[in-house]
Colleague: 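Quick one: the structure is below, questions incoming.
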Amino acid sequence: MSDTRSVSDNVSNPVIPGFHPDPSICRVGDDYYVVCSSFEYFPGVPVFHSRDLVHWTQIGNALDRPSQLRLDTPSSGGIYAPTLRHHDGRFWLIVTNVAPGEGNLLFTATDPAGPWSEPIRLPGVPGIDPDLTWDEDGTCWCTVAGVSQVRLDPYTGETSGEPRKLWSGTGGMAPEAPHLYRIGDYWYLLIAEGGTERGHGVSIARGRTPSGPFEPCPANPILTHRSTDHPVQNTGHADLVEAPDGSWRMVLLGVRPRGGTPGWHVLGRETFLAPVEWVDGWPVVGALTTDMPAPAWPLHPHSGSPVRDDFDQAELRPCWVSLRDRPARLCTTKERSGWLTLHAAGDSLDEPDAVLVARRQQHLSCGVRTLIDPAEGRGGLAVRLDERHHYEIEAAAGEVKVFARIGPLRTEVASRPVPAGPVVLGAEIAPHPPEDSRTGPDLVSFGVEEPDGTFTALGTLDGRYLSTEVAGGFTGRVIGMYASAGTVHFDWFDYEPRSVR
Ligand code: 6LW
């Protein structure tokens, strides 16, 4: 067996940090692929590849054109909970778009990096969190949250009969995220229950056919961190995969709350990996390893992006996302060679159509810099949780300002004159030491880089207001560049993980 096939349990979790929830995994030969939810961001459904389940590289976004992805939706609407499977020589991706008029959609590809097909619409499949599986006869079964199931022709999207209730879990709220697998002599129905907050957990049942009847595992929930002081909370929404050596793993979502009570998580729901053993025909989930050494990779391991993006490629790297759409007339690297050019559509980041190009914040501590030329407009560097919760530093000719938008309030926090011309804007994000129980999760500082390279902070803000516990919803922070008036150009963008003690 080659080195690349050995699967390490010495995991530094989360294996895909930052807002990457609802992971679904599949393996083809030696290659593993994971997809995640993406909500209001475009392109949607990030696709990751790994050979060892630990180091993941983003190889694309499955939904990268408006004909596949219509996001007429506020934050935390849009794309929920994909399932990725490989069957009959191709990859199948089924997902819910909760935007009006969309619903459940099915896509196929021969290469998971893309291109993915146009959507097959599934009007006969109700609800969220669709799963796909095929039985021995080749019949395709689609199972959704609730948990119910309908027979599906995946080539046409037609369903036969009404959805049938299968199992509603062990009594926790929101039985959801079903995945159905044939393993040995049984069909296993894995679900999440308890809600995607602190009560989250994973339960399983098994039956002799894909439609049941299902017998619950006596040890349910097979995974939960509810009512514990584990540093990873909200663990649930899992998917199982078998390694080439016959061992099993689970990918799942979890969050890392920080600060005083009740704890705030700012990176969204992240993807974790856990070992799984089979005992008496039931899966037993091992502990999540959470030691997180300081990042040592020169290349950013999870986005395939170097610390610096110079915008010297015709297409943006797959880690860059925008709000709802990204028309080339508003966002392009082709207008000024080696620069990213953004043309404002609205007049602030509050606008639903703000022109933003951002990446997930993937580390509890990080530093960001970008060189902006605001000569023809106004724009800056934003840390965003949703349209009502974001902080930014904005440059216009001769001046920079720091703003905070928290719910209905927007305030100018600081301002400073700067020489006309390009300016380096920066943000530093640092978590509070865990032992200080009075604080929020972290501090977010904005400032400018002086010509000698030193960073001058202009405003420092409590990070709790850009957390899910304050803002609500299903996403996490993104950090990026935006235009709020006219045209602004960005020469480069640096994202550098910092060590956390
Ligand atoms: C998703 C549901 C969930 O549809 O959150 O954690 C919802 N689980 O299964 C949105 O991600």
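Bear in mind the structure is a predicted one, so any value in this text is a computation, not a measurement.
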Colleague: If you measure from OG1 on Thr139 to CG on Asp153, what distance do you get to the nearest 0.5 Å?
Modeller: 10.5 Å

Colleague: Tell me, with the steps shown, if Tyr391 and Asp462 meet side chain to side chain donor-acceptor pair (under 3.5 Å).
Modeller: CA-CA 10 Å; Tyr391 301 154; Asp462 184 334; 5.9 Å; no

Colleague: Regarding Ser75 and Glu40, do their side chains bring together a donor and an acceptor under 3.5 Å, going by distance alone?
Modeller: yes

Colleague: Judged by modelled atom types alone, do Ser247 and Asp245 share a side-chain donor-acceptor pair under 3.5 Å?
Modeller: yes

Colleague: Are the aromatic ring centres of Tyr80 and Phe39 under 6.0 angstrom apart?
Modeller: yes

Colleague: Measure the CG-CG distance between Leu106 and Asn104 for me, rounded to the nearest 0.5 Å.
Modeller: 9.5 Å

Colleague: Quick one: do Arg151 and Asp135 make a salt bridge, cutoff under 4.0 Å?
Modeller: no

Colleague: Is there side-chain contact between Tyr181 and Asp239, with heavy atoms separated by less than 4.5 Å?
Modeller: yes

Colleague: If we check ring pair (Phe, Tyr, Trp, His ring centres under 6.0 Å) with Trp320, which of these qualifies: Tyr41, Phe42, Phe493, Tyr495?
Modeller: Phe493

Colleague: Mark yes when over 12 heavy atoms from residues, nucleotides or ligands other than Glu242 sit less than 6.0 Å from its CD; otherwise mark no.
Modeller: yes

Colleague: Working note: Val202 + Leu252, criterion side-chain contact (heavy atoms from CB on, under 4.5 Å); need CA distance, chi angles, decisive distance, verdict.
Modeller: CA-CA 9 Å; Val202 179; Leu252 62 138; 5.5 Å; no

Colleague: Please determine whether a side-chain nitrogen of the Lys or Arg among Asp22 and Arg269 lies less than 4.0 Å from a carboxylate oxygen of the Asp or Glu.
Modeller: yes

Colleague: Quick one: do Leu105 and Phe107 satisfy side-chain contact (heavy atoms from CB on, under 4.5 Å)? Show the steps, please.
Modeller: CA-CA 7 Å; Leu105 305 169; Phe107 303 85; 3.6 Å; yes

Colleague: Would a 4.5 Å heavy-atom cut-off, applied to side chains only, mark His225 and Asn234 as touching?
Modeller: no

Colleague: Can we say Glu118 and Arg65 salt-bridge, meaning some charged N sits less than 4.0 Å from an Asp/Glu carboxylate O?
Modeller: yes

Colleague: For the CG atom of Leu93 and the NE2 atom of His86, what is their distance to the nearest 0.5 Å?
Modeller: 13.5 Å

Colleague: If we check ring pair (Phe, Tyr, Trp, His ring centres under 6.0 Å) with His49, which of these qualifies: Tyr33, Trp56, Phe91?
Modeller: Tyr33

Colleague: Once salt bridge (charged side-chain N to carboxylate O under 4.0 Å, His left out) is applied, do any residues pair with Asp31, and if so which ones, sequence neighbours excluded?
Modeller: Arg51

Colleague: With a cut-off of 3.5 Å and sequence neighbours excluded, list every side-chain donor-acceptor pair involving residues 214-224.
Modeller:
{"residue": "Glu215", "atom": "OE1", "partner": "Arg206", "partner atom": "NE", "Å": "3.2"}
{"residue": "Asn220", "atom": "OD1", "partner": "Ile204", "partner atom": "N", "Å": "2.9"}
{"residue": "Asn220", "atom": "ND2", "partner": "Ile204", "partner atom": "O", "Å": "2.9"}
{"residue": "Asn220", "atom": "ND2", "partner": "Cys217", "partner atom": "O", "Å": "3.2"}
{"residue": "Thr224", "atom": "OG1", "partner": "His200", "partner atom": "O", "Å": "2.6"}
{"residue": "Thr224", "atom": "OG1", "partner": "Arg226", "partner atom": "N", "Å": "3.2"}
{"residue": "Thr224", "atom": "OG1", "partner": "Arg226", "partner atom": "NE", "Å": "3.3"}

Colleague: Report the residues that fulfil side chain to side chain contact (heavy atoms under 4.5 Å, CB included) with Glu496, sequence neighbours left out, ordered by chain and then residue number.
Modeller: Val307, Arg498

Colleague: Does the side chain of Leu356 come within less than 4.5 Å of Ser322's, by heavy atoms?
Modeller: no

Colleague: Could you tell me if the side chain of Leu253 sits less than 4.5 Å from the side chain of Pro23, heavy atoms only?
Modeller: yes

Colleague: With side-chain contact (heavy atoms from CB on, under 4.5 Å) as the criterion, how do Val15 and Ser50 come out once you've worked through the C-alpha distance, each side chain's angles and the decisive distance to 0.1 Å?
Modeller: CA-CA 10 Å; Val15 290; Ser50 176; over 6 Å; no

Colleague: Take Asp88 and Trp134 through the test side chain to side chain donor-acceptor pair (under 3.5 Å) and record every step on the way to the result.
Modeller: CA-CA 10 Å; Asp88 210 9; Trp134 285 260; over 6 Å; no

Colleague: Evaluate whether atom CD of Glu315 has more than 12 neighbouring non-hydrogen atoms of other residues, nucleotides or ligands under 6.0 angstrom away.
Modeller: no

Colleague: Quick one: pull up CD1 in Ile120 and OH in Tyr155 and give me the separation to the nearest 0.5 Å.
Modeller: 9.0 Å

Colleague: Counting the benzene-type ring for Trp, do His20 and Phe48 have ring centres under 6.0 Å apart?
Modeller: yes

Colleague: If we only count heavy atoms from C-beta on, is the Val54 to Ser12 side-chain gap below 4.5 Å?
Modeller: no

Colleague: Any heavy-atom pair between the side chains of Pro130 and Thr96 that's under 4.5 Å?
Modeller: yes

Colleague: Please determine whether the number of non-hydrogen atoms from other residues, nucleotides or ligands lying under 6.0 Å from atom CG of Asp229 exceeds 12.
Modeller: no

Colleague: How many angstroms lie between CD1 in Ile406 and CG in Leu385, if you round to the nearest 0.5 Å?
Modeller: 11.5 Å

Colleague: Please report the shortest heavy-atom distance between Cys142 and Leu132, naming the atom on each side.
Modeller: CB-CD2, 4.4 Å

Colleague: Flag the pair Ser24 / Arg85 as yes when at least one side-chain heavy-atom distance between them is below 4.5 Å, and no otherwise.
Modeller: yes

Colleague: Under the criterion side-chain contact (heavy atoms from CB on, under 4.5 Å), I'd like the reasoning laid out for Leu443 against His432: C-alpha separation, chi angles, the key distance, then a yes or no.
Modeller: CA-CA 7 Å; Leu443 291 173; His432 282 298; 3.6 Å; yes

Colleague: Any ion pair linking Glu270 and Arg360 (charged N to carboxylate O, less than 4.0 Å)?
Modeller: no

Colleague: If the test is salt bridge (Lys or Arg N to Asp or Glu O under 4.0 Å), which one of Arg464, Arg198, Arg258 qualifies with Glu469?
Modeller: Arg198

Colleague: Are any non-hydrogen side-chain atoms of Gln149 and Leu180 less than 4.5 angstrom apart?
Modeller: yes

Colleague: When you look at CG of Asp325, are more than 12 heavy atoms from neighbouring residues, nucleotides or ligands closer to it than 6.0 Å?
Modeller: yes

Colleague: Is it true that Trp167 and Tyr188 have ring centroids separated by less than 6.0 Å?
Modeller: no

Colleague: Just how far is it from atom CH2 of Trp264 to atom CG of Asp442, taken to the nearest 0.5 Å?
Modeller: 11.0 Å

